[in-house]
Structure formats: C-alpha cells, structure tokens
Visitor: 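Dropping the structure in here first, questions after.
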2 protein chains.
Amino acid sequence: MTTQFVSQDAHAAKTPSEVEVGSVGVVHTQFLQFHEPLPLSSGQTINSYELAIETYGTLNAEASNAVLVCHALNASHHVAGRAADNPEDIGWWDNLVGPGKPVDTNVFFVIGINNLGSCFGSTGPASIRPETGEPWGAAFPVLTVEDWVRAQARVADKLGIQRFAAVMGGSLGGMQALSWAITLPERVAHCVVVASTPKLSAQNIAFNEVARRAIITDPEFHGGNYYAHKTVPRSGLSVARMVGHITYLSDDDMAEKFGRTQREPAAGGAFHYGYGVEFEVESYLRYQGEKFSRYFDANTYLLITRALDYFDPARTTDGDLAKALAPATADFLLISFTTDWRFAPARSREIVQALLKNEQAATYAEIDAPHGHDAFLLDDARYHGLMRAYFLRIAATLTGVTTQLGVQR
Amino acid sequence: MTTQFVSQDAHAAKTPSEVEVGSVGVVHTQFLQFHEPLPLSSGQTINSYELAIETYGTLNAEASNAVLVCHALNASHHVAGRAADNPEDIGWWDNLVGPGKPVDTNVFFVIGINNLGSCFGSTGPASIRPETGEPWGAAFPVLTVEDWVRAQARVADKLGIQRFAAVMGGSLGGMQALSWAITLPERVAHCVVVASTPKLSAQNIAFNEVARRAIITDPEFHGGNYYAHKTVPRSGLSVARMVGHITYLSDDDMAEKFGRTQREPAAGGAFHYGYGVEFEVESYLRYQGEKFSRYFDANTYLLITRALDYFDPARTTDGDLAKALAPATADFLLISFTTDWRFAPARSREIVQALLKNEQAATYAEIDAPHGHDAFLLDDARYHGLMRAYFLRIAATLTGVTTQLGVQR
C-alpha cells in the first residue's frame, strides 16, 4: 500500500505517515454552488443551491476512472475516511471504498454527493431560502430520484467527468444508480445496484407512511415550519426511525442480537410490569430513535421517504420494466441479500429479468447473509469479494491504470 | 337448521323467524361482577371488577359442551351474531361460530369474554376505580395472559363449567388457550391454537414498542391520565394501529389489495408531490388508524401489547417449551397460515415439536392462505373445514349430543 493516491481534496498539509493504511484518511467536505435553476419532476424549480461532496482518489487525465456513490435515506456524501471536523465520524461505506479496498481509491476517483434536500450540508428544508431569508421548511419542493440524478450530473459537469466508470449505490442509492443508467445512459459505463428494488411495494410505502404520520402528527412539527418555532418534532422522528430500523434488520438478526433478553430486570430476573424499557430490543430501538432525532431533519425524512415512494421507472412504460431499462447501455451488477425483507432478492431479480429480456449485460448475485437490508453496509467476505472482482474488471478497461493494478491486495 | 339452539341469553322476546339461519342472531352482552380480589402476576391485586361476556348455544346438563373463545388485541367478547345495541356489529368470529358453522352452536355452548383491561365493557383503565371515583388511567395494573386465564376461570366457575370441551383462540387468543392448557389442565379437554406463537420474537416486541412509543409520546397521553384532561392520544393511537395493521397483512396481500394504485391522482395521473394521501395504501392505513383511535382505549393498547410481550410459558422452565407444556392433558389443534409473517408457521411448529416431544396429542395444519396473520379471521374453506372436522370429533365425545350431530351441514 502506498500513500500516493490519498483523497485529493485535503491532504496537502498531511505527511504520508498521517494517512492510515487502507483508509482514505481524513477528508474535508467541499461545497459546490449552483446558480442555474434546476427544473424538478414536480414542475417546480430550485433557482440556486449548494451541494456538499467528498472525493477520494485522483481523477485520471482521461477523466475515465470516476465512480459516483449514491447514498440512501440517512447517509450522506461522507462515504469513506474520517471527517475532518469529527475524526470519530467514519464514512458509511468506508469498508468498501479506500486504497486497496474493493472500490480501490488507488485506481478510482470516488465521489460522494449529499443529495439535494438532505440535511448534511446540501441545500434542504432546513437551509435558508435566499428569496425569504427564512428556512425553506414546508416550502421546500418534494424531490424525486430523477431530480437527484439531474443535480448529481451537474456535479459531474463541474468536475469534468463526462462518463462515470461506475455509478453505484445501495437501497435508495441503488435506485439512483438505476436512474442514471436509464436517464443518462451515455454517462454510465457500469451500474452497480445493491439491495434495491425497481419500485416500492405497498408494504414499503405503508411503512414510510407510518413514519411520515408519526412526524406530521407530532405537534412540534408545526406543518413543517418548526424551525421558526425553535423546536423539532423529535418524538415523531424518533418513532419514524424506530419503525424504519425494524425493516433494516432481519427477524433472525434481531433474534440473534436481542432475543428476549431483559434490560436491567427486577430482582430475581422479574419483569417490572410497566411501559418503561423491559427488553434489550426496546432499549436499542429507543436509543436509535432518540439519537437519530437529534441529528436528522424531519422534513428531510419526509422528502426522502416520498422520493422512495415515487421511484418507479416503469411508470412511464406502462409498467414494463424491460422497456424502461432499454435505453441503458451500462453493464449492470446487481446484488441482493437473502434475509433482506425490505427489498428482498425477488425485487432485484425483477431488474435482472428485465435486463436479460433486453439482452443487456447483467451480473447478479444473491448473497447468503443474515443481516437483512443492512447487509449492504456490512463487511461480508463474499459480498466484498464480488465487488472487488467486479471493480477489478472495470479497472482493467481503463486506460493508464494497468500498472496500478499491481498494488491491489 | 333449527332455531332451538339460539343464544340463550336474550331471545325470550324473539320469534323463531327473527333468528337468521346460520347465525346466532341478535345477542346481548351480559355483565358479571367479581368481588373476590384477583391476584395478578405483577404482585398487585384487583379487588373487584366486571367482565362483559356473550354466550351462544345452550349449556348441556352435564356442562360438558362449553367452548371458551379467547380474543386477540382489538377484539372482544362479541364473537358471533349481531350486537343488540348495534345490529351492524357482527361478531369477529361469526364466520366460525354459529348454528351449523364449524364451531356449531347447535352442539356447543360458546362463551366470549372481554378480557380484563380491555375497553369493550370489562373493567379496564378507562373504568372508574371504586377506591377513588376516578378512571384508573395509568394506575391500572399491567396484566399478563396468565392473569386473564385466572379471570376467565372465575367466569367458568360462575357458569358452572368445570371443564371446557375446548378453549380456543387466534393470535393472542391462542396464547390464552395455551396458558389454559398449561395452568389449568384439568379444565381443558381440547386446546385450539390458531396463528399463534409460544412467545414474541424480538421483532414482534419491537413493533409493539414502536406502537407504545407513538402513544406514550403523544402529548395528549398525559402519562396515561388523559381521561382527566378530557382528551385522547388519537394521533399516537392511530400510528400504533397503522404499524400493527401492516403486520397483520401479508406483503403479497397488500400488493394485491393496493399495489401502487394512486388515490385521486392529479391531472393525467400525475403525483401531487406532497405529503398528503398519494397512494391507496396510505388512504387505507390512515382510515384504519383514525377509525381505531375513535373507539379503542390507548391504555388498553399499551396493556395488551405488554401482555403479548410478556407471554412466554417456557420462561419458568429455562426456555424448555416441552417442559412448560408437560402439565397439559388436553388434545391440541394447531393451525398456522403460510403468509403470516407476524406469527409465522415456524412459531406454531415450535409448539407442535414440543408437544410431540412430550408424546402429547397434537394435530397441526399449515394452511396455504394469502392473507397473512389476518387469515385466522377469514373464511377459508380448508381452514374452516379442518375446524369443522375437529369440532365434530369433539362433539362425538360428548354425552347426549349424538342425535344433534344429524343437523350438521
């Protein structure tokens, strides 16, 4: 491992020894300003906005080695490494992206973009609206996956990237990758879709709706304009997160992690016979909910769950997914996890079957993993081995990187 | 079909023609008073209480033909027939219980009891506490399945029933039937457990906890004493019901019923790009939640979900379910439904395996039904056929009913 391919954005002041082996090291968020109005699926327009991004690795002279990583509901542009302003904050896909890792930043120039409407640096409902000098709040437009792709494409334009070696993502991130391949086919060489689906099921929408109702009916929500009331609908957001969290874990995984273990039982292991925390799983969920409600914006939660609901590329092709995918020219890698009941393997197979019907290039793997939907974030040897192999194949197609392949682990 | 076996409690004033064929007809709730203190699992005691019950059919001279039907979370003593005070209100298991129905009230004397702590007539958190003259509210004790069984046994005592031909129930009702068979084995000839489980999983508890948090964090909850504030935590209760409802339906069933069908789309079938109702499934869930929040008591919801959490007969036998079931002398019928993901067939099989280990009599059927957990309430030919056959077998063991069997359909 060498230090020559560390993240490009922030390491001028670092000595090589400061950069951890296998990690992209400390990374700084960059903020890109956009002043050209962005037309949205809803018919509305955002006149100007800012996007927070991080990059890792070095863009090669041909600008052919760029990989866009799209994030899911509660993640951000901080894909890998340690955040400069908080060294405890490790990127959400740090186990996958870094020097010598499956998405090898010695080879690839990896970009993370916080989506428009999110709450980790990019313009969103909590941002000040230039026209009013007040937070956007309920006035922030509802966005779609397609809107995000359009905004991300402008980032690529600014960075001089005409065509991505790969656009990738898990869950909602996978939807964005799919949308890239469909709507901007000439700009995507490989499309990597992990633990995703071509559209939400009624049950998926139902869980999102429960989450939204919990937020919207919290009196502290104030119709989305809680910023002006100097408050936050924490209870509702906490319940929303709890219900979401259950869908990220498998039944078996929860059984394994928590079972019916009691949390601080009464004398002799007895129950307390009350509605406080009685079981470990309750304590865990409450903690997750409360933690989330301290850092996540409730309007962003509404916005992102709605973008999930709306995503359905076959909506414009009378429900024919193959027809919807036909414009894509990318090679596809699709990965699902056996115990994922949020976006079960059958949902990925729908995409695979549509691609095969079109005779499009598709690699598909169903990983036998116990961790439910969350498996896409975890370090599983078969999953990561597959990713590594696939990205080595992409690397081999790039000009000017053959000698770098020697440093792969 | 004859009219001679109509519900015993209320039909003196009716002519035979008023009683519907195949139905127990119009039924009146009876209220039983109990003044002997009831000791509870929590160590607390309820000094006096009232239980609402309904009965259908006629108790035979030997008192050998009684069937106790135990109810689940949001049901009641109103098992069959039309409620006298609201003819639209058909009993929740009316398709199963009635003259000529699988649990034939021409043969059996069927009893429904609203559980202590519920909100359909029996003493519960909304009832006036004699000691204070105020509603119980948060002071109402937390109950367990075992407490309910003790209370139900006192009803049996009052009615002169020493031993039930069968104790039966679905879901939480099945847990009560199991508990009867274990704790009062001499009083149960047959134990019928439908769509149930020997204990909740971590995921089951997690969903209950989400529901409870939604209720408890609703500002209108007032620590459980909302009656004094002349309010009701309707938002929280509504969210609780929505999340519960999702777990009652199968993914496929929701896909079939709602899919991604839009509710009143904008012009040209477009989305509204907002957080109002966009999809049918949202409309359905909101309706279910709001309806529920108008008639169900929030403290009862807490109490019953907690009783569900606590149920675990193997807790006293180091997790050994066979050992827990060993005292039972009943014959068992267990039924599960393939698409039930709340209490999946595997949960029923745990009970079956424990019974088989003990060489106890057990009949088990896994019904291939699309309707998830709710299937236990629905009229499925194989399910009801099985029930009919089983209860015919029970009927054949009763003295003095052989001639009545001729009226079976």
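By convention in this document, chain letters (A, B, ...) are assigned in the order of the sequence lines, proteins followed by strands, and residues within each chain are numbered from 1. Note that the coordinates shown come from a computational prediction; the quantities given were computed from them, not determined experimentally.
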Visitor: Among B/G224, B/S235, B/S42, which residue has the highest count of heavy-atom pairs closer than 4.5 Å to chain A?
Guide: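 The residue among B/G224, B/S235, B/S42 with the greatest pair count is B/S42.
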
Visitor: With chain A as the partner, which of B/L303, B/N208, B/D251 has the greatest number of non-hydrogen pairs under 4.5 Å?
Guide: B/D251

Visitor: Salt-bridged, A/E209 to B/R263, with N to O below 4.0 Å?
Guide: no

Visitor: Would you check if B/D309 and A/E282 make a side-chain contact, meaning some heavy-atom pair closer than 4.5 Å?
Guide: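 A side-chain contact exists here, since the closest heavy-atom pair is under 4.5 Å.
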
Visitor: Heavy-atom distances under 4.5 Å only: say whether A/A255 touches chain B with side chain, backbone, both or neither.
Guide: backbone

Visitor: Heavy-atom distance under 4.5 Å between the side chains of B/F271 and A/R315, does that happen here?
Guide: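 Answer yes - side chains close enough.
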
Visitor: Between B/T217, B/I246, B/V281, who has the most heavy-atom pairs with chain A when the cutoff is under 4.5 Å?
Guide: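 The residue among B/T217, B/I246, B/V281 with the greatest pair count is B/I246.
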
Visitor: Heavy-atom distance under 4.5 Å to chain B: side chain of A/L200, backbone, both or neither?
Guide: both

Visitor: Do you know which of B/A344, B/G259, B/A211 has the most heavy-atom pairs under 4.5 Å to chain A?
Guide: B/G259

Visitor: Which one, B/K257, B/K199, B/R286, leads in non-hydrogen pairs under 4.5 Å with chain A?
Guide: B/R286

Visitor: Between B/F207 and A/F207, what is the ring plane arrangement, given parallel below 30°, perpendicular above 60°, and tilted in between?
Guide: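 Parallel.
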
Visitor: Tell me, for A/R213 versus chain B, whether the close heavy atoms (under 4.5 Å) come from the side chain, the backbone, both or neither.
Guide: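 Both parts, backbone and side chain.
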
Visitor: Please classify the contact of A/L40 with chain B as side chain, backbone, both or neither, using a heavy-atom distance under 4.5 Å.
Guide: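 Contact with chain B is absent: no heavy atom of A/L40 under 4.5 Å.
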
Visitor: Using non-hydrogen atoms and a 4.5 Å limit, figure out which bit of A/E278 sits close to chain B: side chain, backbone, both or neither.
Guide: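 Both parts, backbone and side chain.
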
Visitor: Determine whether B/Y273 and A/L143 make a side-chain contact, defined as any pair of heavy atoms from C-beta on separated by less than 4.5 Å.
Guide: no

Visitor: Please look at A/T144 and chain B and tell me whether the side chain, the backbone, both or neither of the residue comes under 4.5 angstrom of a heavy atom of that chain.
Guide: side chain

